[in-house]
A.B. asks: 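Take a look at the following structure, please.
Numbered from 1 within each chain, the chains take letters A, B, ... in sequence-line order.
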Amino acid sequence: MEFAELIKTPRVDGVVLHRPFMPNVEGTLCLTGHHLILSSRQDNTEELWLLHSNIDSIEKRFVGSLGSIIVKCKDLRVIQLDIPGMEECFNIASSIEALSTLDLASLMYPFFYRPMFEVVDDGWNSFLPEDAFRDLESMTDEWRLSEVNKDFSVCPSYPPLVAVPKDIDDDALRKCATFRHGGRFPVLSYYHKKNGMVIMRAGQPLTATNGRRCKEDEKLINATLRPGKRGYIIDTRTINVAQQAKARGGGFESEANYPQWRRIHKAIERSNVLQESLIKLVEACNDQSHSMDRWLSKLEASSWQTHVKEILTTACLAAQCIDREGASVLVHGTEGTDSTLQVTSLAQIILDPACRTIRGFQGLVEREWLQAGHPFHQRCAQSAYSNSKPRQEAPVFLLFLDCVWQILRQFPCSFEFSESFLVLLFEHAYASQFGTFLGNSAAERAKLCLPEKTVSLWSWVNRPQEQERLSNPLYECNNLVIWPSVAPQSLLLWEGVFLRWNRSSKCLDEAYEEMVHIIEYNKELQNKVNRLRRQLAQLETEDPLLQAP
Amino acid sequence: MEHIRTPKVENVRLLERSSGQRRISTGTLYLSATHTIFVESNPDTRRETWVLHSLVSGVERTPSTPAGSQLMLRCKDFKVFQILIPQEKDCSDVHSSLVRLSHPEKYSELYCLSFNPSVNKEEREESWRFIDLMADYKRMGVPNNLWVTTAANSEYRVCDTYPSEVFVPKSATPAVIVCSSRFRSRGRFPALTYFHQDTLAAVCRCSQPLSGFSGRCQEDELMLQAIMKSNPGSDYIYVVDTRPKLNAMANRAAGKGYENEDHYTNIKLQFIGIENIHVMRSSQQKIIDIGDMRAPSMTDFLWGLENSGWLKHIKAVLDAGVFIARAVADEGVSVLVHCSDGWDRTAQACSVASVLLDPYYRTIKGLMVLIERDWVSFGHKFSHRYAHLDGDPKEVSPVIDQFLECVWQLSEQFPCAFEFNEHFLISLHTHVYSCQFGTFLGNCQKERRDMRLSERTHSLWPQLWEDRAEYTNPLYKAELSQSQAVLRPNTTPYCFKMWKGLYNHMDKTTPARQSPADVLSAVREESQQLEEELTNHQEVPPGGTAHHNHQHPGSRQGIPHTKPLHTLNAR
């Protein structure tokens, strides 16, 4: 298929662009296969380059012969294009609609994008499971790297290499896979160096109504317990939901079959509920005419903050089991690809200082989200402005980022990265020139040959210029476990994402710059003083008169 | 001392609590004339907790447990202490002592009248001159050919709740002032509070007119004319009635009300809709209740926040300030502000407007001046509103709390615009209630003079000024005062947050080292020391001995090979 077939009108002159916080621009609108471009051909006016894949939905309005297209983006921005001429407007609108809903992965922009920078540190090779395992090996010999899923046949959503207890062989893993949802047998997610406790994750056990059991599964997870120790199973669903799952072949670990494990049920919501919550929240944020009462009640009705609180609470619980109780944890929900990953990855942010660095956080996203098989392509297909009926869309990853932001806000000196890194990840998960977030699993990514055909987001992020832009000036390595408060008063609306296009951030940016300035000035002074001190020391050794008698 | 039934109880357990955080310690409880003191028995720490009696808003006895009897101390700064006393009898003694001690009946029982810091008489008198309102009027450019002082209120003859010295339009004769005063509730005639030099527009304040349904007063009408005439750039003034219109109309039945636009020419009447003190009192109580909830869900919290109406009221006060500031700065039109008596909502609206209009009031000293002018001097009833003495609970209301919160909300929107930090606002809040200093005692200037407070108590302001290092916002950029002279805040509901620092200030979820402001303050302090060290290291001109500070022999530096001469001579 040719893009040209979809572009009915490639360019229109005299189009006026309205954007938040920027003066209107008049110029020429061009449609290419992947971008909507508005250029005024004047110096000093910023042009608009918008990826079609960033467009969530559009609306058309007509006043006389002047048509307007309101473009609502997945990053929550809303822009308006005034287009002279009804026909042009219709053509542009239908072209945008067609181009922004292309579902064929191979037509995506990352396959056409050529980087304007030199790839020094190739992100596709930066976070390989074997490298992560080498770190683990230096701490313990209780785990091994299994190739049982080499061809993705045992578990289609797992990567080819997974860490499992040393004493469990591949045959046992195969049997476990048949007992777990989606073949997601329990694998290692995190090893707590301080006390050797671990977080594992899996899909729900397929106990069904007849209470099926699997000896290998029991053996596998018991193999992770130290003698005489008990572990915790955190089921991210309520007991009722978990019970109901039995009727559909799912279920949970019974006390009888897993006597060494205590099961705790939490209530993290799932896909459609979350998508609806996002839509309601964004709607509330975008209506500036609300009274205080109405705003607060809409914020409450969206339940977004409730979800944030639930997820963080569950992550704290998992971290508490590990660090305070000295007990290992197995986390699962239903599929084990959504709420499970929110919990395991946030627990690591709390427990492991390495995850709070720029590179460590990339590693975490790579391990716990991309390789762990979070279906990004499905979940991020549409954002808050979608008119179509949600299929598998859900802001699971955005909620994770929101939770990280909450912890970052409570511990502003413990993260090497700043809020802008989280916002960047949100944007790229929904629309990107990089291949990182394409596909739903390692298997799909391998099939698409992404490492060969696209550029990794990490290649871009790990350039020194970007690192500097994303780094947090207040950062000071904090090797402690950080316990966030989950009291409702402590959890705020993430303004950097949800109010980003609604209220000017000029004064907040100014404050940020001032902060950077204060810290840089201090460094400069320190360097000067150190230089002088060294000179003085030198002088004193050279000049006997200056030496103490 | 006669109210203390038992001065000391041992083996007491103290539980400090706020949402999510609890700390229990065992120790000895002492009751003094002014404080409840708890000394931890742990010999390593011996941590002391002092609670001022005048800060205690309530002492409740909760049902006894096998471990002993419980007392709950609620403080006006929103702290809560739970005390577990082994013996029933001791508990009941402490309870009745504290109930009496926390409800002083006479001013003489208050802490400020026994508080005696080590300063001499001259220093104390000096402390009362620290804030000079006349100097601030001068700074604004008055008196001038538009505004002058009047002697009409000397010895508080015309209005006993006003300051003796006030500024009025030059064309307002004493007769006009006196008659206008008779036509205004409690004699509070229109007077200047802020003059905006850039536009020559002014903010004036007064109380409601005693118009009823048809009453009028020619002199009062002349007074408003005079205000308009004192602004050469405009041919009308705004009259801002900060009350909801319904309340203002209801007042007409009682012979009060608002200006009839048929009688006053060239005025534009504007209602703002700030609720009365009773609504605010119960609204704040609901906010406090949220903090008392055990493990609230997000829904409980947001619903409670909405139901309290608190942020809605804060927004109303800020919106009033924004309206006035816009009129004065953008339209160049003078504004006359009133509510009912003109000492609560009027004080809020005028002072918020001043903060928006004039960068000076965003400095540490400037905010002190502003509170001294709009609140202390213009007769805000501190002792009634903040229950300094046992009295009518219906007079109590968190009026200045709301002003301080508006300033805090603004500082969240404009992090570089304020010289002071959140601690300063919280500290002000505590002092308004604590009565450690005489500054906020009484209900008006006349009362304070009659009590001879300047001879018998100390002023708060120099004390705060001395501690200003800890109240300084590291991000403050004084040069912004040029480019951002007038603040134009966004008052969309989502811009308002619950002031956690005030209402949950024991919820130390963010450890001290993790507050960006504190980190930045420390960094700035270090930079200052480094700067000093650099000056000490500075190059000495060849052959010269000039300007060398020799505090640390090790930090001496000559570049290159220039040595301080007297060091050489000394050898």
A.B. asks: Measure A:Ser504 against the heavy atoms of chain B and call it side chain, backbone, both or neither at under 4.5 Å.
C.D. replies: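 Neither the backbone nor the side chain of A:Ser504 comes within 4.5 Å of chain B.
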A.B. asks: Anything under 30° is parallel, anything over 60° is perpendicular, the rest tilted; go ahead and classify A:Phe417 against A:Phe361.
C.D. replies: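 Ring orientation, 0 to 90° scale: tilted.
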A.B. asks: Decide yes or no on salt bridge (charged side-chain N to carboxylate O under 4.0 Å, His left out) for B:Glu275 and B:Lys312, but give the supporting numbers first.
C.D. replies: CA-CA 10 Å; B:Glu275 298 287 350; B:Lys312 177 174 69 188; over 6 Å; no
A.B. asks: Determine whether A:Tyr385 and A:Asn286 make a side-chain contact, defined as any pair of heavy atoms from C-beta on separated by less than 4.5 Å.
C.D. replies: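 The answer is yes, as the side chains (C-beta and beyond) meet within the 4.5 Å cut-off.
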A.B. asks: If you look at every heavy atom in B:Ser283 and B:Gly309, which pair is closest and at what distance?
C.D. replies: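 Where B:Ser283 meets B:Gly309 most closely, the heavy atoms are OG-C, 3.8 Å.
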A.B. asks: Between A:Lys523 and chain B, with a heavy-atom cut-off of 4.5 Å, which part of the residue counts as in contact: side chain, backbone, both or neither?
C.D. replies: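 Interface part for A:Lys523: neither.
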A.B. asks: Taking side chain as C-beta onward, heavy atoms only, is B:Phe418 less than 4.5 Å from B:Val355?
C.D. replies: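 In short, these two side chains touch, coming nearer than 4.5 Å.
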A.B. asks: With a 4.5 angstrom heavy-atom cut-off, could you sort out which part of B:Gln528 is near chain A: side chain, backbone, both or neither?
C.D. replies: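 Contact with chain A: none, neither part.
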A.B. asks: So which residue, A:Pro473, A:Ser289, A:Ser297, ends up with the most heavy-atom pairs under 4.5 Å with chain B?
C.D. replies: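 Heavy-atom pairs under 4.5 Å are most numerous for A:Ser297.
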A.B. asks: Just so I understand: if I count every heavy-atom pair under 4.5 Å between each of B:Phe496, B:Tyr494, B:Trp303 and chain A, which residue has the most?
C.D. replies: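 Most pairs with chain A among the choices: B:Tyr494.
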A.B. asks: Find out whether the Lys NZ or Arg CZ of A:Arg324 is both under 6.0 angstrom from the six-membered ring centre of A:Trp483 and within 45° of the ring's axis.
C.D. replies: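 Flagged: A:Arg324 positioned over aromatic ring of A:Trp483.
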A.B. asks: I'd like to verify something: which residue of B:Asn307, B:Leu311, B:Asp300 has the highest number of heavy-atom pairs under 4.5 Å with chain A?
C.D. replies: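 Among B:Asn307, B:Leu311, B:Asp300, the one with the most close pairs to chain A is B:Leu311.
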A.B. asks: So for A:Leu499, is it side chain, backbone, both, or neither that comes closer than 4.5 Å to the heavy atoms of chain B?
C.D. replies: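 A:Leu499 touches chain B through side-chain heavy atoms alone.
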A.B. asks: Please classify the contact between A:Leu525 and chain B as side chain, backbone, both or neither, with a heavy-atom cut-off of under 4.5 Å.
C.D. replies: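 For A:Leu525, heavy atoms of backbone and side chain both lie under 4.5 Å from chain B.
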A.B. asks: If contact means a heavy atom pair closer than 4.5 Å, which residues of residues 299-308 of chain A contact chain B?
C.D. replies: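 Those residues of residues 299-308 of chain A which have a heavy atom under 4.5 Å from chain B are A:Leu299, A:Glu300, A:Gln305, A:Thr306.
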A.B. asks: What part of B:Thr492 gets within 4.5 angstrom of chain A, counting heavy atoms only: side chain, backbone, both, or neither?
C.D. replies: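 Looking at B:Thr492, just its side chain touches chain A.
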A.B. asks: Checking A:Gln526 against chain B: side chain, backbone, both or neither under 4.5 Å from a heavy atom?
C.D. replies: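 Both backbone and side chain.
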A.B. asks: For the residue pair A:Cys285 and A:Trp295, establish whether any side-chain heavy-atom pair is separated by less than 4.5 Å.
C.D. replies: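 They are in side-chain contact.
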A.B. asks: Side-chain contact, heavy-atom cut-off 4.5 Å: A:Leu399 with A:Leu278?
C.D. replies: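 A side-chain contact is absent here, since even the closest heavy-atom pair is not under 4.5 Å.
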A.B. asks: Would you mind reporting whether B:Leu305 and B:Lys286 have side-chain heavy atoms less than 4.5 Å apart?
C.D. replies: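 Heavy-atom side-chain distance check fails, nothing below 4.5 Å.
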A.B. asks: For side chain to side chain contact (heavy atoms under 4.5 Å, CB included), just list the numbers for B:Thr242 and B:Phe323, CA-CA rounded to whole Å, side-chain angles, deciding distance to a tenth of an Å, and then say yes or no.
C.D. replies: CA-CA 11 Å; B:Thr242 55; B:Phe323 179 88; over 6 Å; no
